[in-house]
Amino acid sequence: MFEKRVSGLFVRAVLKAGASEGWSEEVLKPVLDRGIRLEWPKKEEFGDISTPLAMGLSKGLGKPPRIIAEKVVQAIKDDPLSQGLLSGVDIAGPGYINLTLSFSFLLKFLEETILSEGLTEKVSHPRKINLEFVSANPTGPLHVGHGRGAAFGDSLARILREAGHNVSTEYYINDAGNQMNMLGKSVYLAFRKLDGTFSAEEKTRLLGDGEGYRGDYIPAIAQRIRDEPDLLAPEVRLEAQSGHFTDRVQAAFTEVAQTEILADIRKDLTRFGVSFDRYFSEKTLHESRRNEAPRIAHWIALLERESGGTVYGSEGAVWFRTTTMGDDKDRVLKKSDGSYTYFAADIAYHADKIERGFEALVDVWGADHHGYQARMQAVVKVLADLAGRQVDLKICLIQLVSLMREGKSVSMSTRAGEYVTLGEVIDEVGVDATRFSYLTRSHESSLEFDLAKAKERSMDNPVFYVQYAHARVKSLLAQAVLRNVRHESFTKEDLSFLTDPEERTLIRLLAQFSGILLRCAESFEVHPLTDYLITLAGAYHHFYFHHRILSSEEKDRPVMIARIGLSIAVSRILKKGLSLLGVSAPDSM
RNA sequence: GCGCCUGUAGCUCAGUAGGAUAGAGCGUCGGACUUCGAAUCCGCAGGUCGCAGGUUCGAUUCCUGCCAGGCGCACCA
């Protein structure tokens with residue numbers, strides 16, 4: 001809310017002090033260019049906003065930090081724009097400059113928070129961002145790991161939009177290649193089992209030594225194919241029933257299986273509050289339209305022609321030179337049999353994104369794909385150069401989720417089809433608790449997800465703690481109505497009765513919300529927001545417990561009105577924050 | 001073997017681009033409901049920030065080397 005103003009204040013102060021003190025611009029410039037680093041000290045004795053700026057300048061200027069701080073502080077005090085905004089500027093510790101926001105400014109902020117819909121400051125340079133997440137292969141239902149990526153990606157999209165960016169969300173469907181064929185075969189074999197015509201020989205012939213896909217959903221799809229005549233063309237059905245595994249049987253079973261599974265995935269995602277602007281099919285990259293070469297061929301050929309040797313042909317294959325970025329060998333894009341690797345498809349997909357004009361690409365991946373990062377960065381760089389534009393690629397690696405139940409780990413094996421699906425987790429613990437639990441930890445650290453605890457209504461499961469704070473306010477307001485308290489207007493004057501230090505603490509915390517969001521948007525994180533909401537809820541619970549809000553005494557009325565206003569502001573920020581996490585804020589629980 | 005990530009209180013984790021006395025919650029123990037919802041609040045205890053060096057006025061944070069755990073290193077997807 002006030003970060004930009006405060007930063008501006010510091011920049012002007014440093015330049016002014018620098019001019020009169022003869023500080024070298026070479027020292028100042030890099031520090032100012034990086035942006036003034038602002039902190040919100042936990043201890044209020046250190047003010048509302050703090051910066052270690054002077055310590056950073058100390059070395060370059062060859063002066064003690066406190067001396068530098070003094071000059072900067074003087075310049076700030078002389079700046080007319082600090083009037084009204086600040087009530088205190090101090091130097092503390094080794095050379096921190098601590099600012100205290102004026103009461104009047106805080107009240108103005110509070111008034112706006114109660115009134116306006118737009119709670120947040122927007123980024124100064126909105127970007128057109130493509131955010132790709134989940135992108136699970138349509139070979140089985142989403143599991144708990146995908147759930148984390150879904151919660152993270154969706155919440156990040158909401159935050160980026162709130163911050164003012166233009167965001168498109170996308171799910172990349174790996175619907176080409178061997179895995180899909182194997183899926184079709186697996187369903188076909190299950191179909192044969194239902195018919196009583198299954199044989200081990202046929203299985204070996206189709207799958208070799210492999211087991212294929214084995215989850216419960218495989219026979220379920222086979223059953224549907226058996227039950228619903230429309231799912232297979234009559235001649236294909238005849239071939240399947242008589243054990244002729246022709247190309248069109250393969251194609252039909254794969255098609256049905258994929259459609260069914262994708263429909264289930266989308267159903268789970270919808271239930272989870274996650275929607276995508278677009279589902280992008282890998283298959284479309286391989287298809288040729290109107291006599292044109294497939295997109296994938298187009299891009300690989302283009303790269304081979306114009307990448308200056310980064311993409312080159314050798315041994316009958318086409319390679320990407322990844323050794324220049326630390327890889328131990330170059331990687332194949334086009335195999336000697338003429339088909340393309342997954343990597344090649346990914347290149348074409350990212351080329352497509354760039355072609356669509358995105359300025360920033362965000363890929364949310366499972367952490368097991370980390371080995372792919374450097375390669376993809378190199379690809380995007382090459383493609384962006386070809387397009388003659390600056391395109392940033394941010395890769396968010398989501399660390400793994402270990403599922404627990406009452407402290408004991410729930411074993412999971414994807415291969416054997418034994419895993420807990422996202423749908424099951426939602427059934428058991430609910431959407432709100434599931435999403436919140438996923439987002440209580442940084443996505444960069446692994447997460448222990450305890451089903452029993454996620455359901456528990458305790459502090460172990462802070463979603464209820466935060467929701468309860470919101471419900472408390474709503475209940476309070478309802479109580480106020482019952483007591484015929486009218487509170488339509490909350491002007492600065494009405495709010496000026498909030499003189500208690502703990503009230504100021506709450507306002508100060510509310511004022512940080514916007515900055516937290518901007519930080520999330522800048523660093524592509526969600527967790528700081530979750531953390532903030534827990535802190536805010538805690539502060540309100542504390543306040544509520546120690547302060548009587550409603551009162552029938554006439555002399556207490558101004559304070560009562562002001563506290564109701566403060567409570568409304570808290571509830572609005574909580575609700576807004578929760579909505580960005582995709583979590584509801586019920587009025588009662 | 002090479003590469004990436006992680007190692008902070010008994011447990012699960014924060015710690016914002018080196019900085020102020022390293023923070024929460026849970027768990028343990030002990031307190032608070034005649035008053036707006038006790039799904040809440042208050043207090044006590046708990047740490048050589050994996051180990052050892054180095055850079056710095058200052059290191060949980062940066063560098064190097066170890067140790068431990070996880071993951072990745074296909075003309076698979």
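Lettering of chains follows the sequences in order, A, B, ..., and the numbering in each one begins at 1. Everything numeric in this text was worked out from a predicted model, so none of it was measured.
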Side-chain N or O of A/Arg472 closer than 4.0 Å to phosphate OP1/OP2 of B/A38: yes
Closest non-hydrogen atom pair, A/Leu574 against A/Ala537: CD2-N, 4.3 Å
Centroid-centroid under 6.0 Å between A/Phe320 and A/Phe343 rings: yes
For B/C71, glycosidic torsion class - syn if within 90° of 0, otherwise anti: anti
Distances under 3.5 Å between nitrogen or oxygen atoms of protein and nucleotides 9-13 of chain B:
unit_1	atom_1	unit_2	atom_2	d
B/U12	O2'	A/Arg441	NE	3.4
B/U12	O2'	A/Arg441	NH2	3.0
B/C13	OP1	A/Ser446	O	2.9
B/C13	O2'	A/Arg441	NH1	3.0

Results of side-chain hydrogen bond (donor to acceptor under 3.5 Å, both in side chains) for A/Glu170 - residues two or more places apart only: A/Asn130, A/Tyr349, A/Arg356
Identified salt bridge (Lys or Arg N to Asp or Glu O under 4.0 Å) partner of A/Glu39 from the options A/Lys42, A/Lys43, A/Arg37: A/Arg37
Enumerate, atom names and distances included, each donor-acceptor pair closer than 3.5 Å involving a side-chain atom of residues 519-534 of chain A, sequence neighbours excluded.
unit_1	atom_1	unit_2	atom_2	d
A/Ser523	OG	A/Arg519	O	2.8
A/Ser523	OG	A/Glu525	OE1	2.8
A/His527	NE2	A/Thr440	O	3.4
A/Thr530	OG1	A/Leu439	O	2.8
A/Tyr532	OH	A/Leu509	O	2.7

Spacing between A/Leu533 atom CG and B/A14 atom P, to the nearest angstrom: 17 Å
Length of the CZ-C1' vector between A/Arg66 and B/G58, whole Å: 15 Å
side-chain hydrogen bond (donor to acceptor under 3.5 Å, both in side chains) against A/Lys29, all qualifying residues, sequence neighbours excluded: A/Asp33
For A/Glu304, all residues meeting side-chain hydrogen bond (donor to acceptor under 3.5 Å, both in side chains), sequence neighbours excluded: none
Short side-chain N/O contact from A/Tyr465 to OP1 or OP2 of B/C41, under 4.0 Å: yes
Protein-to-nucleotide contact annotation, 5' to 3' order, nucleotides 70-77 of chain B [B base; S sugar-phosphate only; - none; under 4.0 Å, heavy atom]: SBSSSBSB
5' priority, RNA chain B, between A/Glu39 and A/Ala471 [closest heavy atom]: A/Glu39
Residue pairs fulfilling side-chain hydrogen bond (donor to acceptor under 3.5 Å, both in side chains) with at least one residue in residues 172-187 of chain A, sequence neighbours excluded: A/Asn174-A/Glu282, A/Asp175-A/Ser281, A/Gln179-A/Tyr213
Residues in side chain to side chain contact (heavy atoms under 4.5 Å, CB included) contact with A/Lys59, at least two apart in sequence or another chain: none
Summary of salt bridge (charged side-chain N to carboxylate O under 4.0 Å, His left out) pairs that have at least one residue in residues 430-439 of chain A, sequence neighbours excluded: A/Asp154-A/Arg435
Sequence-distant partners of A/Thr51, side-chain hydrogen bond (donor to acceptor under 3.5 Å, both in side chains), two or more places apart: none
Rounded interatomic separation in angstrom, taking CG from A/Leu53 and P from B/A17: 15 Å
Whole-Å C1' distance, B/C49 and B/U6: 14 Å
Integer-rounded Å distance: B/A39 C1' and A/His541 NE2: 8 Å
Distance in angstrom units between A/Leu397 CG and B/G3 P, rounded: 18 Å
Nearest-nucleotide comparison on RNA chain B, the residue closer to the 5′ end among A/Pro52 and A/Asp531: A/Asp531
Whole-Å gap separating P (B/C36) and CZ (A/Arg483): 7 Å
Under 3.5 Å side-chain donor-acceptor pair for A/Asp363 and A/His369: no
Length of the CZ-C1' vector between A/Arg37 and B/U61, whole Å: 10 Å
Ring geometry between A/Tyr438 and A/Phe449 (parallel below 30°, tilted from 30 to 60°, perpendicular above 60°): tilted
Candidates B/U16, B/G37, B/A20 - which lies nearest the side chain of A/Gln479: B/G37
Base-pairing string, 5' to 3', of RNA chain B - Watson-Crick or wobble, under 3.5 Å, | interstrand: (((((((..((((.....[...))))..((((.......))))......(((((..]....))))))))))))....
A/Phe464 vs A/Phe436, ring pair (Phe, Tyr, Trp, His ring centres under 6.0 Å): CA-CA, chis, key distance, verdict: CA-CA 10 Å; A/Phe464 299 114; A/Phe436 202 93; 9.2 Å; no
Check: A/Tyr96 side chain, B/A20 base, donor-acceptor under 3.5 Å: yes
A/Tyr540 six-ring centre to A/Arg472 NZ/CZ under 6.0 Å and within 45° of normal: no
Spacing of the P atoms in B/C66 and B/A9 (rounded, Å): 25 Å
Rounded interatomic separation in angstrom, taking CZ from A/Phe464 and C1' from B/U40: 15 Å
Residues in contact with RNA chain B, drawn from residues 544-553 of chain A - heavy-atom cutoff 4.0 Å: A/Tyr544, A/Phe545, A/His546, A/His547, A/Arg548, A/Ile549, A/Leu550
